[in-house]
Amino acid sequence: MTPEEFRTYGKQVVDWIADYLESVEQYPVRAPVAPGEVRAALPAHPPERGEPFEAVLADLDRVVLPGITHWQHPSFFAYFPANASGPAVLGDLLSSGLGVQGMLWATSPACTELETVVVDWLAELLGLPERFRTDAHGGGVIQDSASSAAVVAVLAARQRAGEGRHRMYVSSQTHSSLEKAARVTGVGAENVRVVDVDPQTLAMDPEHLDRLIREDRAAGCVPTLVCATIGTTSTTAVDPVRRIGEVCRDHGVWLHVDAAYAGVAAVCPELRWCNDGVAEYADSYVTNPHKWLLTNFDCSVLWLGDRAPMVEALSILPEYLRNAATSSGEVIDYRDWQVPLGRRFRALKLWAVIRWYGAEGLRAHVRRCVELADGFAEMVAGDPRFELDPHHPFGLVCFRPLWPDASAAEADAATMELMERLNDSGELFLSHTKVRGHVVLRLAVGSPATEAKHVEAAWRRIVKEYEAVLANPR
Ligand SMILES: *Cc1c(COP(=O)(O)O)cnc(C)c1O
């Protein structure tokens, strides 16, 4: 493709995206396709001869679009958001256009240095501690996901802890990526201890954590890492980071804080309470701009108070990567801050987002989502046929319909039936979880396209379908 041809098709693609975003509301939120349908519509074999790009665009409309679940739809409420925004798409396009592979400072100095500046900016915007900034011993790095960040945190913690039978501590509400990290790093799932949670708030119990660590130490194990979560995936429960941090400090255990979804809420000063204890106690902290901060997937930022154990754990220097800049010790090579060697120029999209919206615009986005979620919660609270989980500090609201005279199992089945009917309607998309013995529904507000009218329509639809399920159960 010549630059001239690229110009022509590039404009068509940008127009296509703009048209898509303008009309996204007209599509069913969840893709209404059966397993194998998309695959069956595609040729089984690759073309021998090149095809015109028009053919690709035509199949995009014909085959791909019907198989898309529309994450940018204003009535997408199922999972935590995966925000896309104009500046992020354009920043990502520029990254693709430059085609840089930023494994070393020397393979593109701007790729490294812009990332350093942008993660320091984000630390400042979120009110994270000075020691997470790259100037001192710490620093931030963009990873592909919070799951990868967890692997890096476990490797760093293990490096600091030294040899022995390593033990990790999570709660029943911790994201599954921590168990995966235990498996991947060789700590082993059998060395992951599950700390009790408060049955009401679902937050980790620091006293039980303390007992487990003492027990393990007495048994000759090496307590290595505790993961505290700010905004759990299931219900946005918030672990008591400060008290957990005190326990970690007493025992010299690494504290990793997983704030993948909720951490970005700290752009708003009134929501910064959620990071209480992070400044004093966290050894590592992760949040995902690719969820709720308007930055297309993938962009997950991991910060460390001390980067040394991570670099010790991950640095390998084969001859073919030796270069003067690395040897001088004056530059950062982010390949030592992640599992893969190669890396994309992700900082461009985060930079574009922060510059386009400014701190003010980012705050307005988060605030608007929290307000819409609060508005939805109020509607649920006002209807005695539903039970609201009163804990909804961010964009997620958990609630459940009440089914008169139903057993617990029948009630759960009816709730699932209600959700399936709603999701089949294509008008909105919800998800569920199971907490405190019940299936509950999750409605997560997070899209920049969502307005009050969408949340109100969702509530009306839920009530209508609830009445239909009551009248006509399966
Ligand atoms: C979404 C989420 C993750 C996983 O994030 P990825 O970036 O997809 O790996 C981890 N922890 C929490 C609390 C999450 O909500």
Side-chain angles (χ1 to χ4, degrees), residues 69 71 76-84 88 119 122 126 140-155 168-185 192 194-195 197 201-204 225-241 244 255-266 274-275 278 282 284-303 338-340 343-344 346 349-350 366 369 373 391-398 431-433 435 442-447:
T69 290
W71 283 70
F76 180 100
F77 301 117
Y79 307 108
F80 290 147
N83 284 172
V119 295
L122 188 60
L126 301 180
V141 57
I142 304 179
Q143 306 267 331
D144 59 359
S145 63
S147 306
S148 293
V151 169
V152 170
V154 173
L155 290 171
M168 286 167 50
Y169 306 83
V170 302
S171 82
S172 58
Q173 304 301 306
T174 303
H175 192 266
S176 56
S177 55
L178 269 290
E179 182 180 331
K180 207 185 233 185
R183 289 199 224 164
V184 169
T185 57
V192 177
V194 180
V195 182
V197 293
T201 63
L202 303 175
M204 185 185 276
L225 175 139
V226 174
C227 178
T229 307
I230 293 170
T232 59
T233 311
S234 178
T235 63
T236 59
V238 177
D239 287 338
V241 172
I244 292 169
L255 174 60
H256 176 62
V257 176
D258 178 359
Y261 159 68
V264 301
C274 74
N275 279 336
V278 167
S284 51
Y285 178 97
V286 66
T287 190
N288 288 354
H290 73 221
K291 278 184 169 160
W292 195 14
L293 205 66
L294 300 163
T295 310
N296 296 56
F297 197 86
D298 52 354
C299 184
S300 173
V301 184
L302 170 71
W303 285 275
Q338 62 175 23
V339 173
R343 59 204 320 277
R344 307 176 57 226
R346 298 190 193 92
K349 62 186 167 192
L350 187 54
V366 167
C369 294
H391 172 86
H392 52 87
F394 309 112
L396 175 73
V397 181
C398 294
S431 66
H432 77 284
T433 186
V435 285
R442 299 170 76 256
L443 180 136
V445 181
S447 166

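Each residue takes its place number in the sequence, starting with 1. Just so you know, ligand 1 is whichever comes first in the structure, and atom 1 is the first atom listed for that ligand.
Put simply, the side chain of Ser145 gets close to the backbone of Ser148: a donor and an acceptor are under 3.5 Å apart.
The two residues Ala88 and Leu294 have their closest heavy-atom pair at CB-O, 3.5 Å. Considering all non-hydrogen atoms of both residues, Ile142 and Cys299 come closest at CG2-SG, 3.9 Å.
Of the protein's heavy atoms, His175 CG, 3.2 Å lies nearest to atom 10 (C) of ligand 1. What sits closest to atom 15 (O) of ligand 1 on the protein, heavy atoms only, is Lys291 NZ, 2.9 Å. Closest to atom 11 (N) of ligand 1, if we only count protein heavy atoms, is Asp258 OD2, 2.6 Å.
Between Arg442 and Thr433, the side chains place no donor N or O within less than 3.5 Å of an acceptor N or O (distance only, hydrogens not considered). For the residue pair His290 and Thr295, no side-chain donor N or O sits within less than 3.5 Å of a side-chain acceptor on the partner. Between the side chains of Tyr285 and Asp258, no donor N or O sits under 3.5 Å from an acceptor N or O.
Of the N or O atoms in Ser147, one or more lie within a sub-3.5 Å distance of an N or O in ligand 1. Some N or O of Thr233 is nearer than 3.5 Å to an N or O of ligand 1, by distance alone.
Using a 4.0 Å cut-off between charged side-chain N and carboxylate O, Asp298 and Arg344 make a salt bridge.
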**Message:** As a quick check of understanding, evaluate ring pair (Phe, Tyr, Trp, His ring centres under 6.0 Å) for Trp292 and Tyr261, giving each step before the final call.
**Reply:** CA-CA 7 Å; Trp292 195 14; Tyr261 159 68; 5.0 Å; yes
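Using a non-hydrogen distance threshold of 4.0 Å, Gly231 registers as a contact of ligand 1.
Atom numbering of ligand 1 starts at 1 in the shown order; those under 4.0 Å from a heavy atom of Ala260 are 2 (C), 3 (C), 10 (C), 11 (N), 12 (C), 14 (C). Interface atoms of ligand 1 facing His290, defined by a heavy-atom separation under 4.0 Å, are 7 (O). For ligand 1 and Phe80, the ligand atoms under 4.0 Å from any heavy atom of the residue are 15 (O).
Contacts between Ala146 and ligand 1 below 4.0 angstrom, taking non-hydrogen atoms only, involve backbone and side chain alike. Under 4.0 angstrom from ligand 1, the non-hydrogen atoms of Asn288 all belong to its side chain.
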